[in-house]
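Okay, so here's the structure we're looking at.
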Amino acid sequence: MPVRVRFAPSPTGLLHVGALRTALYNFLMANRDGGQNILRIEDTDRTRYNPESEAEFISTLKWIGIEFHEGPHVGGPKAPYRQSERKEAGIYEPYWRQLLAVGKAYRAFETPQELDEMRQFQQINKMPTGYFGGEWRDASPEKVAEAEAAGKPSVIRLKIPRGEKIVIDDVVRGRLEWDSDTVDDPVLIKADGMPTYHFAAMVDDHLMEITHVLRGEEWVSSAPKHKVLFDAFGWTPPVWVHCPVIVGNDGKKLSKRHGATRVLDYGAMGILREPLKNFVALIGWAPGNDQEVMTQEELIHAFSIDRLQASPGRFDLDKLRWMNGVAIRALSPEDLWDTVSAYLADPWTKKYWSTPDPEPIPGAPDHAVVLAELETLQKAMTDQPDLARKALLLEQERVLTLAEFGAACSFFFGEEVKFEEKAVQKWFGEAHAGKMFSDFQAELSGRSEVSVEDCERMVKGWAELNGFEKLGPVVHPTRVALTGKTVGPGLFELMSALGPHEMSRRLSAAKELLRA
RNA sequence: GCUCCGGUCGUCUAGCGGUUUAGGACGUCGCCCUUUCACGGCGAAGAUCGCGGGUUCGAAUCCCGUCCGGAGUACCA
């Protein structure tokens, strides 16, 4: 039987990392076994509904490469795929009527205030909290009819059997067992007629013929209720797979401090989708061999739910950055160019960097500075594509994110070199610097381009002629003159990329600084 | 409080009763390469497998207890 899985988010907020992983595991599983991946929108809570949420889920997932065979945006044989629409279509009603008719569910007429008081009482008396029957679970039909006739609002609750063991088999945790007396009667239908998650999701999972439910660990405590519901209908439950939570590197709930919670922001930070996927898949799952860097195809092939971890996983931004660097370095020159230009053209990139960091991480570059550098790079890629191409290639192995290309390449394009004070102090004190710069200028004059080899010959020749055994005192001042920095690509490559004219211009400026 | 779940280097993990002096990766540190940084190569430190008992000739691996951490405890999902 082919696998049918579903990713069923509630459209209340943004797509965060934990949800991404669940979506990814669903996707990997479906694609490995030639099954179907279904998107279902669980919008039964009208008070928390966020109209932008669904679009964000779909577009983010699409960006990362997760597609669905069925869903509200693509349709499918089990449409509609939004629970609010399914409710309107009357899909749920026959099912709760059936439960009511056979006495496996009942109407309860407590007001929210009454329930509140009940909970307080339970807490004070150190009793388990929850609705274990109240006065309605076993109320006579006459009493219920009377309350209904009086127009009292009511909910429909599931009648959890008492004095039994409820057992479910979870792929990740094995056999899970509850004493049914500790499980309270959940609301199936709210007073406004909307189904709750417990009801809608189970009915839909059955109707949509879902074979495996991969969901977050926050659902394990509701699992017995879901099992009872499947039993009440006489349906075979799907295989439940409860994935552990993802926490920050300090063990706390994931927040901005740990990188970002919103998946889209990782793209804006210059994280490529392949390493992001690769990294997220590896929190809580490992293929069992030593392979870590994997393509999507390899992930699909290697993925298996019985290798899922039961313990919570931490999100290690450093490792993500490393993986991202590996991916950037693996890009061909053409792909590198395309990837960077797409990144710079993405409106989300600009939006992200134009917003000041609400919680600045010490040592991290200022958003405004990054934005300016990225804009400079983007401009250069259209105005001076040859130079920009060389700059990108020279910095490729030095950056960990796409955003870092901005700072790394900036010295190639500026009208004026921005000198780092430390660099100037360290290398412009050398007495020979001025003469050396002039000599280079003389040698460069009249030429329109120089090869890397020419530059090497020129610099090494000058060193030999002037009695320098080590290249350092020659190379470093020149680097500072040309880039303003002490770090960067190989000097000869960088010189050749800049070209004779630009080099000469910068050497003149450096000589001015020397005199001052 | 109650219910359930989890616990191997700082982090992600391998391990499924003996081949384990517990392996790999990130991070850290050192060396090499080298004009710097990075890349790459080599190497080091780092986990008595939360703790305590048992079972066994033998346990990270099985059992019990204990501690710590997490999730749930809504007419939210």
Side-chain angles (χ1 to χ4, degrees), chain A residues 8-13 42-45 47-48 108 110-112 115-116 119 122-131 153-157 170 172-174 176-179 182-184 186-194 196-198 200-201 215-224 242 244-245 247 249-251 253 279 282-293 309-323 325-326 329 395-400 408 423 427 456 459-460 463 470-476 478-480 483 485-492:
Chain A
S10 178
T12 53
E42 312 238 319
D43 55 350
T44 54
D45 185 352
T47 59
R48 295 202 313 155
E110 284 90 352
T111 63
L115 291 174
D116 230 40
R119 262 189 299 276
Q122 289 167 330
Q123 225 138 36
I124 289 166
N125 293 287
K126 305 190 175 190
M127 296 158 71
T129 53
Y131 190 91
S154 67
V155 299
I156 297 172
R157 287 183 186 269
D170 178 81
V172 179
R173 283 150 230 275
L176 263 24
E177 197 178 289
W178 286 264
D179 180 341
T182 66
V183 179
D184 70 330
V187 170
L188 264 19
I189 304 295
K190 309 178 213 176
D192 66 0
M194 274 301 230
T196 60
Y197 171 89
H198 301 305
R215 62 190 349 185
E217 124 178 84
E218 67 270 21
W219 291 111
V220 307
S221 21
S222 317
H242 291 103
V245 291
V247 295
N249 54 193
D250 52 4
K253 196 164 170 256
F279 174 73
L282 255 22
I283 308 176
W285 173 81
N289 53 31
D290 285 338
Q291 196 180 9
E292 287 205 310
V293 177
Q309 204 77 16
S311 53
R314 296 188 187 212
F315 187 90
D316 183 4
L317 225 208
D318 278 335
K319 189 152 185 176
L320 207 211
R321 287 166 55 79
W322 166 77
M323 249 182 200
V326 171
R329 270 174 258 133
E395 296 292 354
Q396 183 174 16
E397 66 186 29
R398 254 164 282 269
V399 302
L400 259 24
W427 294 109
E456 181 166 358
V459 172
K460 286 188 171 166
K470 295 219 167 181
L471 237 35
V474 177
V475 163
H476 298 313
T478 311
R479 171 189 301 285
V480 175
T483 71
K485 307 194 292 181
T486 55
V487 303
L491 181 66
F492 312 134

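Below, each value reflects all heavy atoms present in this structure, side chains not excepted, and no hydrogens, waters or symmetry copies. All values reported here derive from a predicted model rather than from experimental measurement. In the text below, chain A, chain B and the rest are named by the order of the sequence lines, each starting its count at 1.
When each of B/G6, B/G72, B/G1 is scored by its nearest atom to the side-chain atoms of A/K126, the top-ranked nucleotide is B/G1. Checked against B/C26, B/U3, B/C12, the side chain of A/T182 finds its nearest nucleotide in B/U3. Here B/G23 is the nucleotide among B/A77, B/A38, B/G23 with the atom lying nearest to any side-chain atom of A/D290. Nearest to the side-chain atoms of A/K319 among the listed nucleotides B/A25, B/C4, B/A38 stands B/A25. Listed nucleotides B/C75, B/A25, B/G1 differ in distance to A/V155; the shortest reach to its side chain belongs to B/C75. Nearest to the side chain of A/T129, among B/A77, B/A74, B/A25, sits B/A74. Of the candidate nucleotides B/U35, B/A38, B/C75, B/A38 has the atom lying nearest to any side-chain atom of A/E397. Each of B/A77, B/C2, B/U13 was ranked by its minimum atom distance to the side chain of A/H198; first place goes to B/A77.
Searching all strands for a Watson-Crick or G-U wobble partner of B/U61 with both distances below 3.5 Å returns nothing. Pairing partner, B/C49: none, since no Watson-Crick or wobble contact has both distances short of 3.5 Å. Pairing for B/G72 goes to B/C2, judged as Watson-Crick or G-U wobble with the two contacts each under 3.5 Å. In a base pair of the Watson-Crick type (N1 to N3 plus N6-O4 or O6-N4) or a G-U wobble (N1-O2 and O6-N3), with each distance short of 3.5 Å, B/U35 is matched with no nucleotide. The partner of B/U28 is B/A44, by the rule that a Watson-Crick or G-U pair needs both atom distances under 3.5 Å. B/U56: no Watson-Crick or G-U partner with both key distances under 3.5 Å is found in any strand. Base pairing of B/A14: no nucleotide in any strand meets the Watson-Crick or G-U wobble criterion (both distances under 3.5 Å). With a 3.5 Å ceiling on both atom-pair distances, B/U19 lacks any Watson-Crick or G-U wobble partner.
To the nearest angstrom, P of B/C75 lies 14 Å from CD1 of A/I156. For the pair A/I124 CD1 and B/C2 C1', the computed distance is 15 Å after rounding to whole Å. Atom CG of A/D170 and atom C1' of B/G72 are 15 Å apart (whole Å). Going from atom CD of A/E217 over to atom C1' of B/U73 covers 15 Å, rounded to whole Å. Atom CZ in A/F315 sits roughly 16 Å away from atom C1' in B/A25 (whole-Å rounding). Distance CD (A/Q309) to P (B/C12): 9 Å, rounded to an integer number of Å. The CG-P distance, from A/L317 to B/C26, rounds to 16 Å in whole Å. Computed from coordinates, the A/L176 CG to B/U3 P distance equals 15 Å when rounded to whole Å.
Nucleic acid contact for A/G284: sugar-phosphate only, since backbone atoms but no base atoms lie under 4.0 Å from a heavy atom of the residue. Within 4.0 Å (heavy atoms only), A/S311 reaches sugar-phosphate atoms of the nucleic acid but no base atom. Here A/R321 lies out of heavy-atom contact (under 4.0 Å) with every strand. At a threshold of 4.0 angstrom between heavy atoms, the contacts of A/M127 include nucleobase atoms, whether or not backbone atoms are also involved. The residue A/P489 sits close to a base: some heavy atom pair falls under 4.0 Å. Using a 4.0 Å heavy-atom cutoff across all strands shown, A/A191 reaches at least one base atom of the nucleic acid. Within the nucleic acid shown, A/R48 comes within 4.0 Å of at least one base atom, counting heavy atoms only. No contact: A/F279 has no heavy atom under 4.0 Å from any strand. Within the 4.0 angstrom heavy-atom criterion, no nucleotide atom of any strand lies near A/G472. Within the nucleic acid shown, A/W219 comes within 4.0 Å of at least one base atom, counting heavy atoms only. A/L115 comes within 4.0 angstrom of a nucleotide base, judged by non-hydrogen atoms across all strands. Using a 4.0 Å heavy-atom distance criterion, A/Q122 is classed as making no nucleic acid contact. Among the heavy atoms of the strands lying under 4.0 Å from A/E42 are primed sugar atoms or P, OP1, OP2 only; no base atom is included. Among the atoms of the strands shown, only primed sugar atoms or phosphate atoms (P, OP1, OP2) are found under 4.0 Å from some heavy atom of A/L282.
Taking atom P in both B/U48 and B/G43, the straight-line distance is 25 Å, to the nearest Å. Using P as the reference atom, B/C5 and B/C57 are 32 Å apart when rounded to the nearest Å. B/U61 and B/G15 have their C1' atoms separated by 8 Å, given to the nearest Å. Across B/C42 and B/C51, the matching P atoms stand 34 Å from one another, rounded to whole Å. Between B/U8 and B/G69, the two C1' atoms lie 16 Å apart (nearest whole Å). Rounded to the nearest Å, the gap between the C1' atom of B/U28 and that of B/G50 is 24 Å. Nucleotides B/C67 and B/G52, compared at atom P, are 15 Å apart to the nearest Å. As rounded to the nearest Å, B/A45 and B/G65 have P atoms that lie 39 Å from one another.
Contact detail for A/D170 and A/L176: the closest heavy-atom pair is CB-CD2, 3.9 Å.
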Pair A/Q123, A/T129 - check side-chain contact (heavy atoms from CB on, under 4.5 Å), show working. CA-CA 7 Å; A/Q123 225 138 36; A/T129 53; 4.1 Å; yes

Apply side-chain contact (heavy atoms from CB on, under 4.5 Å) to residues A/V155 and A/I189 and explain how you reach the verdict. CA-CA 6 Å; A/V155 299; A/I189 304 295; over 6 Å; no

Stepwise salt bridge (Lys or Arg N to Asp or Glu O under 4.0 Å) test for A/R157 and A/E110: CA-CA 11 Å; A/R157 287 183 186 269; A/E110 284 90 352; 5.2 Å; no

Using side-chain contact (heavy atoms from CB on, under 4.5 Å), reason through A/K485 and A/V480 one step at a time and then give a plain yes or no. CA-CA 5 Å; A/K485 307 194 292 181; A/V480 175; over 6 Å; no

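In this structure, A/D316 contributes its side chain and A/D318 its backbone to a donor-acceptor pair below 3.5 Å. In this structure a side-chain-to-backbone donor-acceptor pair under 3.5 Å is present from A/R479 to A/P489.
Interface remark: the A/R479 side chain does form a donor-acceptor pair with the B/U35 base, using a distance-only criterion of under 3.5 Å. Judged by distance alone, with hydrogens and angles left aside, A/R173 brings no side-chain donor or acceptor close enough to the base of B/C5 to form a pair under 3.5 Å.
Contact between the side-chain N/O atoms of A/K190 and the OP1/OP2 oxygens of B/A77 is found at a separation under 4.0 Å. Taking 4.0 angstrom as the limit, A/R329 places a side-chain polar atom (N or O) nearer than this to OP1 or OP2 of B/G40. Distances shorter than 4.0 Å separate none of the side-chain N or O atoms of A/R398 from OP1 or OP2 on B/C39. Within the 4.0 Å cut-off from OP1 or OP2 of B/A77, at least one side-chain nitrogen or oxygen of A/T44 is found.
No side-chain donor-acceptor contact under 3.5 Å links A/H242 and A/R173.
Two rings, from A/W322 and A/F279, have their centers 6.0 Å or more apart.
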